[in-house]
Protein chains: 2
Amino acid sequence: MKPLHDKPERPDPARRSLDRLFELAEVLGTMMQRGMAEKGLTTARARVLWALFHEGPVTQRALATQLGVTPRNVTGLLDALQEDGLVCRKAHPTDRRATLVSLTDKGRSATAALRVGRDELAALLFADVPPDRLDTFTATLGLVTERLRAVGADSPE
Amino acid sequence: MKPLHDKPERPDPARRSLDRLFELAEVLGTMMQRGMAEKGLTTARARVLWALFHEGPVTQRALATQLGVTPRNVTGLLDALQEDGLVCRKAHPTDRRATLVSLTDKGRSATAALRVGRDELAALLFADVPPDRLDTFTATLGLVTERLRAVGADSPE
DNA sequence: TATTGTTATACTCTATAACTATA
DNA sequence: TATAGTTATAGAGTATAACAATA
């Protein structure tokens, strides 16, 4: 497309940006996985804790919908978390088929610790970035996420 | 910390940015997973193809090191890719213990298609972003990735 | 003795399908 | 009849450990 003598290594800016984004996502994922493994957690289980932390007691069905996984999957994740004493199941007050899941004190502490760890990481990562540049960065992240969701919604499953 | 009457919902800018980054990483991961599933691939297998596309024929050992997984894991991934006719194993010319892995023509086409798909996505996502803002975004991604790697290197496994 | 790739085994996440108890 | 959660089964990714062939 472009003359070869003009910086042949320079790829398209959009491609470059998305490639960097993938790279960051991968490094970030690996790092978080390692950090959670030290706390005896996995990504999937942490997602459950996170959901319960923000949504309060919910049925397993609701949890499955929110996490985008099957009810069967939720059963397994909760079994593991319950064995570790992080969540507890209670009978639903009116619907005897359903189960209400909530965090135990231990589960709440563990989730709060995740939050703290994430904040510390954020402080480290963005220490050097000037406030206005950080704002632009955050806004662009939001814009791209929105756009990505729109693209995904186009191909309906 | 701050007076409550001052936008109580406004979190720390760094936290907000990292949270958005996690959100984007999750959406992006889900989307790519879905896209690759349509092509009969998984994330792990695509990573193998990607590595072979860029590194040329390598031993399984080198592949394991580069991907950050165990040699056993590589064996399984290659078995699957070979069954689909995407990679081939050849005897190493000088070391009779080792195996050289490379992409087949079909594998090369499939990987090139991934590249094209990614470029199309990039064009869609960043269509609205002005060039200078995109540059800043990309640079910040790079900076954060670097910083993240430095943090990870601190805790040496 | 060290290294390459494999077999053996196990754990986690994920899915579908069939089943039970309730609604 | 439909829904909530479970059992049963399966497949993918990952890991460790033991082993064979080769260096």
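Residue numbers start from 1 in every chain, and the chains themselves are labelled A, B, ... in the order their sequence lines are given, proteins ahead of strands. If you're wondering where the values come from, they're calculated on a predicted model, not measured in any experiment.
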Any base atoms under 4.0 Å from [X], or only sugar-phosphate, or nothing? Heavy atoms, all strands.
X: B/T59; value: sugar-phosphate
X: B/T70; value: base
X: B/R47; value: nothing

Presence of [X] side-chain N/O under 4.0 Å of [N] phosphate oxygens OP1/OP2:
X: A/Q60; N: D/dT6; result: yes
X: A/R61; N: C/dA23; result: no
X: B/R45; N: D/dG11; result: no

Note down the inter-axis angle between the two ends of the helix from C/dG5-D/dC19 to C/dA23-D/dT1, five pairs each, to the nearest 10°.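 So the angle between the two local helix axes works out to 0°.
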If you check every side-chain atom of A/P71, which of C/dC13, D/dT6, D/dA12 has the closest atom? D/dT6
Side chain to side chain contact (heavy atoms under 4.5 Å, CB included) between A/L63 and A/L78, intermediate numbers included: CA-CA 10 Å; A/L63 211 45; A/L78 288 180; 4.3 Å; yes
With B/F137, the side-chain contact (heavy atoms from CB on, under 4.5 Å) member among A/L143, A/L141, A/T136: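 By the side-chain contact (heavy atoms from CB on, under 4.5 Å) criterion, B/F137 pairs with just one of A/L143, A/L141, A/T136: A/L141.
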If you measure from [atom1] on [X] to [atom2] on [Y], what distance do you get to the nearest 0.5 Å?
X: A/L103; Y: A/E55; atom1: CG; atom2: CD; value: 11.5 Å
X: B/L49; Y: B/L41; atom1: CG; atom2: CG; value: 5.5 Å
X: A/H92; Y: A/T94; atom1: NE2; atom2: OG1; value: 4.5 Å
X: A/L67; Y: A/L77; atom1: CG; atom2: CG; value: 8.0 Å

Going by number, which of residues 90-98 of chain A have a non-hydrogen atom under 4.0 Å from DNA chain D? A/R97, A/A98
So which of residues 72-84 of chain B are in contact with DNA chain D, with a heavy-atom cut-off of under 4.0 Å? B/R72, B/N73, B/L77
Using a strict threshold of under 4.0 Å (side-chain N to carboxylate O), is an ion pair present between A/R108 and A/D105? yes
Between A/R34 (CZ) and D/dT14 (P), how many Å, whole number?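 Roughly 16 Å, once rounded to whole Å.
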Given salt bridge (Lys or Arg N to Asp or Glu O under 4.0 Å), test A/R133 with A/D128 step by step and report yes or no. CA-CA 10 Å; A/R133 184 168 160 190; A/D128 278 5; over 6 Å; no
For B/M31 and A/R149, what are the C-alpha separation, side-chain angles and deciding distance, and is it a side chain to side chain contact (heavy atoms under 4.5 Å, CB included)? CA-CA 9 Å; B/M31 196 97 10; A/R149 287 214 166 96; over 6 Å; no
Stepwise, does the side chain to side chain contact (heavy atoms under 4.5 Å, CB included) test hold for B/T43 with B/M32? CA-CA 8 Å; B/T43 306; B/M32 293 310 290; over 6 Å; no
